[in-house]
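Structure first, commentary second.
In each ligand, atom 1 is the first atom listed, and ligand 1 is the first ligand listed. The figures here come from the full heavy-atom set of this structure, side chains too, leaving out hydrogens, waters and symmetry mates. The shown structure was predicted, so the numbers you read here are calculated from the model rather than taken from an experiment.
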Amino acid sequence: MIEQNHTAVWDRCLAIIRDNIPEESFKTWFAPIKPISLEDSVLTLEVMSDFVREQIEANFLDLLGKVLRREIGPLASLVYKVRIANGGYISQKQGAGHGYTNREIAAPEAAADYNGNPYLIPGLRKLNIDPQLNPQYAMSNFIEGDCNRLARAAGETIAARPGRNSFNPLFIYGGPGLGKTHLSQAIGIAVKERFPDKQVLYVNANTFLNQYMWAASAARNNHDSNQISDFLRFYQLIDVLIIDDVQEFADKKGTQNAFFHIFNHLHQSGKQLVLTSDRPPVDLQGLDQRLLSRFKWGLSAELTVPSYETRLAILKAKALSEGVDVPEDILQLIARKVKTNIRELEGILFSLTANATFSKKEITMRMASELIDKIVEQHEVEISVSRIQSVVCNYFHITVDQFLSKTRKREIVQARQIAMYLSRSLTKTSLSSIGAQLGGKDHATVLHACNTVSDLMDTDRSFRNYVVDIEKQITSAE
Ligand code: ADP
Ligand code: MG
């Protein structure tokens with residue numbers, strides 16, 4: 001039997017553990033542990049309660065396994081001695097990192113105590129947090145399309161194995177009305193359905209921000225920091241934390257700092273984080289670099305603008321779930337006209353059915369197109385072919401003369417094609433008029449350009465990003 005100095009070995013283990021977990025967790029879970037012996041690579045540790053053992057295994061097993069193998073060798077294993085009320089022990093053997101447990105009950109009378117569960121900390125295990133989920137946002141109501149396939153699939157995986165997957169955090173981003181709130185809620189609902197005991201919490205970044213500010217100001221005014229530690233502790237209890245619209249954290253240093261601690265704690269404990277934002281991590285200005293790099297640890301999935309087919313499928317599903325009967329050609333009209341925002345798409349459907357109900361008239365194509373014109377096209381009338389041309393030229397750093405010239409240079413041809421494509425989708429100008437304004441081309445050339453661009457957008461991601469970017473510039477900076 002080889003005896004080693006268990007105290008020195010455990011001290012070295014502690015030093016590494018301390019560097020890798022939040023100080024608060026270290027103090028709670030590791031500092032009170034007493035090393036008892038180290039024989040033949042078996043380290044025996046005394047922990048205060050079985051609850052502590054359980055927490056350590058649930059949250060720090062990977063880390064502990066690695067540290068033990070590093071300090072003791074590949075055969076390292078662990079025996080816990082759990083001190084119980086009557087002075088006996090429950091001991092548990094643990095192969096480092098394998099996760100198997102081989103429970104031997106050392107003191108016979110311990111069994112009764114253990115079964116009677118003397119370690120239940122009231123209010124902690126029984127804790128029941130309202131997850132703040134809206135059943136309307138169930139996954140079954142979230143229509144799948146190319147625009148959301150990756151994010152939706154990642155969401156399904158998370159629902160099956162929260163925390164223990166490579167999508168942690170899942171970072172969902174996309175423009176307004178593209179389904180970020182819906183999908184992130186759907187993930188929470190699906191987790192709750194499969195694991196009712198898991199603590200799931202959906203919170204908007206603004207709410208989180210206000211909670212933190214409130215705690216911080218209470219702490220300042222009363223000169224005690226309990227409010228902040230309560231805030232942190234609360235969030236550290238969550239198994240699946242969903243924070244919507246994290247771009248709201250921009251320039252909020254204190255909140256970011258608090259969130260950083262919560263993020264680390266949860267991530268290290270194998271808990272799941274789902275974050276949404278209106279832009280990708282690289283574009284999140286005003287966010288701490290430490291947070292941004294963590295956002296990229298898992299998977300970033302974009303929600304993009306839905307295709308016509310997906311828009312139509314969403315409209316049909318909404319009409320069905322609302323129990324309204326809208327003729328197919330009208331749904332098609334709405335799907336054709338309302339392209340960039342699903343909230344707007346739904347909005348049109350609902351106002352249309354509401355109008356029809358109030359006026360006791362059948363929904364007609366005319367009624368639909370008037371309403372669409374009122375709601376959607378308003379902000380499109382100011383968009384002119386010449387505005388599109390100038391944004392495109394700016395974007396690619398080419399002059400208007402180059403743009404209008406007869407050159408067949410690839411970049412120029414492509415810029416022209418993009419301008420034609422956008423003129424067609426963003427204005428009501430006819431194909432021949434677009435052609436005439438953009439370098440004296442005929443309508444067949446414009447049509448060909450539109451098809452080329454839309455094919456490329458389907459197959460070339462970076463090309464699509466250009467077009468989406470340009471479109472944003474055209475439609476936003478009025
Ligand atoms: P965001 O949070 O990205 O601004 P929301 O999640 O609030 O967008 O979505 C806006 C509306 O569109 C919601 O009513 C939502 O239910 C609906 N919606 C978005 N994506 C889908 C989808 N794929 N299927 C069905 N409805 C959707
Ligand atoms: Mg939202």
(message) Before we go on, tell me: are the rings of F60 and F26 under 6.0 Å apart, centre to centre?
(response) no
(request) Mark yes or no for whether Q247, through its side chain, and D278, through its backbone, hold a donor-acceptor pair below 3.5 Å. (result) yes
(request) Could you label the plane-to-plane angle of the F208 and F259 rings as parallel, tilted or perpendicular, counting under 30° as parallel and over 60° as perpendicular? (result) perpendicular
(request) Mark up the atoms of ligand 1 that fall under 4.0 Å of a heavy atom belonging to N148, in ascending order. (result) 23 (N)
(message) Looking only at distances, can you tell me whether any N or O atom of I314, backbone or side chain, sits closer than 3.5 Å to an N or O atom of ligand 1?
(response) no
(request) Please determine if E302 and R461 form a salt bridge, counting it only when a charged side-chain N lies under 4.0 Å from a carboxylate O. (result) yes
(request) Report the part of T181 (side chain from C-beta onward, or backbone N, CA, C, O) that has a heavy atom under 4.0 Å from ligand 1; answer both or neither where that applies. (result) both
(request) Kindly identify the option in L315, L303, T310, I143 whose heavy atom sits closest to atom 24 (N) of ligand 1. (result) I143
(request) Check whether any side-chain N or O of E344 sits under 3.5 Å from a backbone N or O of V338 as a donor-acceptor pair, and report yes or no. (result) no
(message) Between ligand 1 and E346, is the shortest N or O to N or O distance under 3.5 Å?
(response) yes
(request) Write out the residue and atom name of the closest protein heavy atom to atom 7 (O) of ligand 1, then the distance separating them to 0.1 Å. (result) R343 NH2, 3.0 Å
(request) Please answer whether the main-chain N or O of M139 pairs with a side-chain N or O of R152 as donor and acceptor at a distance below 3.5 Å. (result) yes
(request) Check whether any N or O atom of L178, backbone or side chain, sits under 3.5 Å from an N or O atom of ligand 1, and answer yes or no. (result) yes
(message) What protein heavy atom lies closest to atom 16 (O) of ligand 1? Include the residue and the distance to one decimal.
(response) H182 ND1, 2.6 Å
(request) Please verify whether a non-hydrogen atom of G175 lies at under 4.0 Å from ligand 1. (result) yes
(message) With a 6.0 Å cut-off on the ring centroids, do Y235 and F231 count as close?
(response) yes
(message) Quick check on side-chain contact (heavy atoms from CB on, under 4.5 Å): which of T429, I388, L404 does Q437 satisfy it with?
(response) T429
(message) Once you measure the plane-to-plane angle for Y395 and Y466, does it fall in the parallel (<30°), tilted (30-60°) or perpendicular (>60°) bin?
(response) perpendicular
(message) Within this structure, what is the CG-CZ distance for the pair L299 and F167, rounded to the nearest 0.5 Å?
(response) 5.5 Å
(message) Please state which option from I342, D245, L345, D244 has its nearest heavy atom closest to atom 12 (O) of ligand 1.
(response) I342
(request) Using a cut-off of strictly less than 2.8 Å, determine whether T276 has an N/O/S atom near the Mg ion (ligand 2). (result) no
(request) Enumerate the atoms of ligand 1 whose separation from the nearest heavy atom of K180 is less than 4.0 angstrom. (result) 1 (P), 2 (O), 3 (O), 4 (O), 6 (O), 8 (O)
(request) Could you tell me whether K318 approaches ligand 1 through its side chain, its backbone, both or neither, with non-hydrogen atoms closer than 4.0 Å? (result) side chain
(request) Measure Q136 to ligand 1 on non-hydrogen atoms and call it side chain, backbone, both or neither using the 4.0 Å cut-off. (result) neither
(message) Looking at ligand 1, is there an atom of it that comes within less than 4.0 Å of some heavy atom belonging to G174?
(response) no
(request) Just go through G347, G179, A313 and tell me whose heavy atom is the nearest to atom 9 (O) of ligand 1. (result) G179
(message) So that I know where these two stand, are F396 and F403 an aromatic pair - ring centroids less than 6.0 Å apart?
(response) no
(message) Among all the protein's non-hydrogen atoms, which is closest to atom 25 (C) of ligand 1, and how far away is it?
(response) N141 O, 3.2 Å
